[in-house]
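Heads up, the thing below is written out as structure tokens.
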Amino acid sequence: MNLEALAACLSSASCAVTQVSTALIVGMLLFLVTSGLSLIFGVLGIVNFAHGAFYMLGAYLAFTAYALSGSFLLAMAAGALGVAVFGVLFERLIMSRVYGRDILMQLLVCYAMILILDDGVKLLYGGEYRMMGMPDAFALPPVEIAGGFVPGYYLFMVGVALAAGLALWLGINRTRLGKIIRALAINPQMVGALGINTTLLYAGVFGLGSLLAGMAGALAAPIRTLTPGMGVSILIESFIVTVIGGMGSIAGAFIAALLIGFTRAFGAIGFPLFVDGMMFAIMALVLIVKPSGLLGREAA
Amino acid sequence: MRPGPLRSGLLPSGLLRDLALALAALAVFLAVPVVFPQPALRDFLIYFFAYGLLAMSLNLLVGLTGLVSFGHAAYFASGAYVFGLLMQSGRVSIPVATLAAVGGTAILALVIGAICVRLKEIYFSFITLAFQMFIHSIIVTWVGLTGGDQGLRGGIPRPPILGLDLNDARTLYGTCVVVFVVCIVAMRQVSQSPFGYTLRMIRDNPARANFLGVNVVLMKLGIFVFAGAMASIGGVLLALFVSGAYPEFAFWTTSGEAIFMIMLGGMKLFLGPLVGTLLLQTLNHFVTIYTEYHGLVLGSVILLIVLGLRRGLADYLYDWLQDRRARRAPSAPVPEPVVKSRPV
């Protein structure tokens with residue numbers, strides 16, 4: 001515990017700005033991963049335990065594409081689209097075979113997928129840490145805000161994540177396709193009876209959720225070290241975000257992800273050994289006070 | 001409660017049969033090292049006992065109650081660590097440390113369970129997983145106490161209990177056999193008790209259980225704590241045997257393997273998870289000899305079994321035998337309808 005350091009940081013503008021920027025990027029990455037997880041759960045009713053592995057896959061795809069082409073734009077596209085395609089294949093070939101069966105089977109299929117992806121990456125890239133490095137386009141001097149320095153890439157990342165979140169929200173809540181997807185979540189038989197290809201939609205939604213995970217991975221690649229097990233910790237954190245924000249709520253995921261981001265960034269100064277504990281304490285508190293989460297619709 | 005004359009045919013005979021089977025199993029396990037004196041087999045069996053207790057206790061949640069916990073290894077690890085730390089302090093004997101490890105784990109399971117058992121199905125799975133990874137991160141971060149990544153080092157002393165010297169490999173093995181069999185009998189009794197049948201009702205129809213006045217949350221919490229305590233004994237056995245405790249015990253893959261053991265062994269037989277433990281351990285044993293990409297092989301095997309057989313190996317055999325038996329007796333006057341049996 002070092003609460004003096006925390007107080008000192010909060011009262012100094014430069015330190016506060018730095019930590020806020022860290023909180024924002026942690027929060028935004030979590031938001032992207034969680035909204036994909038939440039979307040898939042909301043529509044298909046399954047929790048994709050392999051979602052963290054998809055995030056890892058996105059990061060490695062971006063790493064490879066960047067190493068081959070040197071274009072960060074291409075790396076982003078490879079990460080996001082590559083994982084989206086992988087997600088569709090996973091849903092069609094594997095996951096769809098365990099719909100309506102025991103949760104145990106869904107869990108095992110995802111467990112197997114994580115093992116295969118983690119080991120597959122280890123086979124191709126080796127088990128050691130990999131660094132992608134900052135793309136040339138962002139090799140700029142950091143932006144100075146109130147005495148604190150924020151790398152330009154951070155601003156880009158937050159912008160992309162916000163845009164993606166907004167597009168997702170608008171797409172689900174304001175378009176015809178979004179309306180169909182919401183209907184699919186509530187009454188798939190009826191949607192099918194109205195002549196809509198639900199199989200295609202399920203695959204599409206799974207692909208979209210995977211795309212968000214892959215995009216988060218690609219965005220994280222320049223600033224994080226890449227390891228085969230990198231998916232697990234973000235998976236656990238996004239579970240916590242889901243519980244705090246409420247399952248199936250994009251806005252809830254956004255608020256909860258920021259909450260966890262700030263807890264991590266400022267906790268690292270004030271109580272470095274208790275950061276994880278703090279996240280779990282917040283989650284336990286939410287579960288006790290409001291089991292459906294901050295913005296969750298129905299009881300868990 | 002003393003059984004009346006009418007009940008004497010029911011409960012005690014089941015108990016007697018279980019005890020007779022347990023004694024037979026005890027005799028067989030104790031005889032194994034006499035017949036096959038290879039130390040490797042003995043070591044293999046001790047691992048089997050430890051992971052078998054993990055899988056069997058997890059099945060009290062998954063098969064009996066319908067609670068798919070993905071974080072059961074947390075209690076396995078907590079047993080191992082509490083036991084190891086107490087023994088390293090040098091102040092307590094092995095039985096006292098074991099009791100403390102089981103008690104401490106029960107309290108841990110009570111706290112975590114009180115939060116988790118209110119949640120339904122998949123929500124329950126991922127919160128138990130999240131708590132497990134929390135325990136794992138505590139173990140890895142608190143280097144001063146647990147040794148962090150390296151695990152509990154320096155070995156765990158084995159002072160003699162009542163004249164038994166556990167440093168002798170055969171005595172250690174014998175002790176593990178006894179503890180293992182006693183725990184299995186205890187789990188069997190719980191699963192056959194009225195409490196156990198209440199849990200089956202909760203699994204099959206929680207709303208009805210609720211209408212009948214069953215406190216569903218309390219019952220779930222009860223079995224959660226009991227299963228955690230049983231898993232911790234598996235952890236104690238393993239810590240005692242490997243003379244240490246490692247963060248991998250609490251890693252999510254350990255829970256995943258335990259779930260796979262249950263699935264492999266099937267949920268139709270009480271001892272199914274033990275079959276699964278044996279199969280998975282044998283598989284692991286050979287895979288680790290031939291390749292370092294253990295996950296790749298294990299993952300593919302899981303996918304093949306889940307998507308191909310669509311059930312556990314033991315369940316597959318069980319159904320196949322049932323089918324054969326049903327086909328063999330076509331001359332019976334009233335053919336029994338083939339009922340897809342639910343897990344018992």
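What you see below is based on every heavy atom in this structure, not just the backbone, and it leaves out hydrogens, waters and symmetry mates. Sequence lines set the chain letters: A, B, ... in the order given, protein chains first and strands last, and positions in each chain run from 1.
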Find out whether B/Leu119 and A/Val243 are in side-chain contact, i.e. whether some heavy atom of one side chain is under 4.5 Å from a heavy atom of the other. no
Calculate, to the nearest 0.5 Å, the distance between atoms CD1 and CE belonging to B/Ile305 and A/Met105 respectively. 10.0 Å
Give, for atom CE of B/Met263 and atom OH of A/Tyr111, the distance between the pair rounded to the nearest 0.5 Å. 13.0 Å
Can you tell if the side chain of A/Val109 reaches within under 4.5 Å of the side chain of B/Leu303, non-hydrogen atoms only? yes
How about OH on A/Tyr129, more than 12 heavy atoms from neighbouring residues, nucleotides or ligands closer than 6.0 Å, or not? no
Rounded at 0.5 Å granularity, tell me how far CZ in B/Phe134 sits from CD1 in A/Ile236. 12.5 Å
Which pair of heavy atoms, one from A/Leu115 and one from B/Gly295, lies closest together, and at what distance? CB-O, 3.5 Å
Got A/Phe280 and B/Ile112 here, is their nearest side-chain heavy-atom distance under 4.5 Å? no
Can you establish whether the number of heavy atoms outside A/Arg182 located under 6.0 Å from its atom CZ is more than 12? yes
Name the member of B/Phe124, B/Phe260, B/Phe131 that forms the most heavy-atom pairs with chain A at distances under 4.5 Å. B/Phe131
Among the listed options A/Ile288, A/Val232, A/Ile46, the residue most often paired with chain B at heavy-atom distances under 4.5 Å: A/Val232
Just checking heavy atoms, which of residues 135-146 of chain B are less than 4.5 Å from chain A? B/Ser137, B/Thr141
Taking atom CZ of A/Phe262 as the centre, does the number of heavy atoms from other residues, nucleotides or ligands within less than 6.0 Å exceed 12? yes
Are B/Ile127 and A/Met283 close enough that some pair of their side-chain heavy atoms sits under 4.5 Å apart? yes
Per-residue contact mode, B/Leu307 against chain A (heavy atom under 4.5 angstrom): side chain
Using a 6.0 Å cut-off, check whether atom CZ of A/Arg97 has over 12 heavy atoms from anything other than its own residue. no
Heavy-atom pairs under 4.5 Å with chain B, option from A/Ile94, A/Ile240, A/Leu235 with the top count: A/Ile94
To the nearest 0.5 angstrom, please state how far the CG atom of A/Leu287 sits from the OH atom of B/Tyr123. 7.5 Å
Any residues in residues 251-259 of chain B near chain A, with a heavy-atom distance under 4.5 Å, and which are they? B/Trp252, B/Thr253, B/Gly256, B/Glu257, B/Ile259
Checking B/Val62 against chain A: side chain, backbone, both or neither under 4.5 Å from a heavy atom? side chain
Using a 4.5 angstrom heavy-atom cutoff, name the option from A/Asp118, A/Leu117, A/Ile114, A/Val98 with the most pairs to chain B. A/Ile114
Over all atoms of both residues, closest heavy-atom pair of B/Gly299 and A/Ala112: O-CB, 3.4 Å
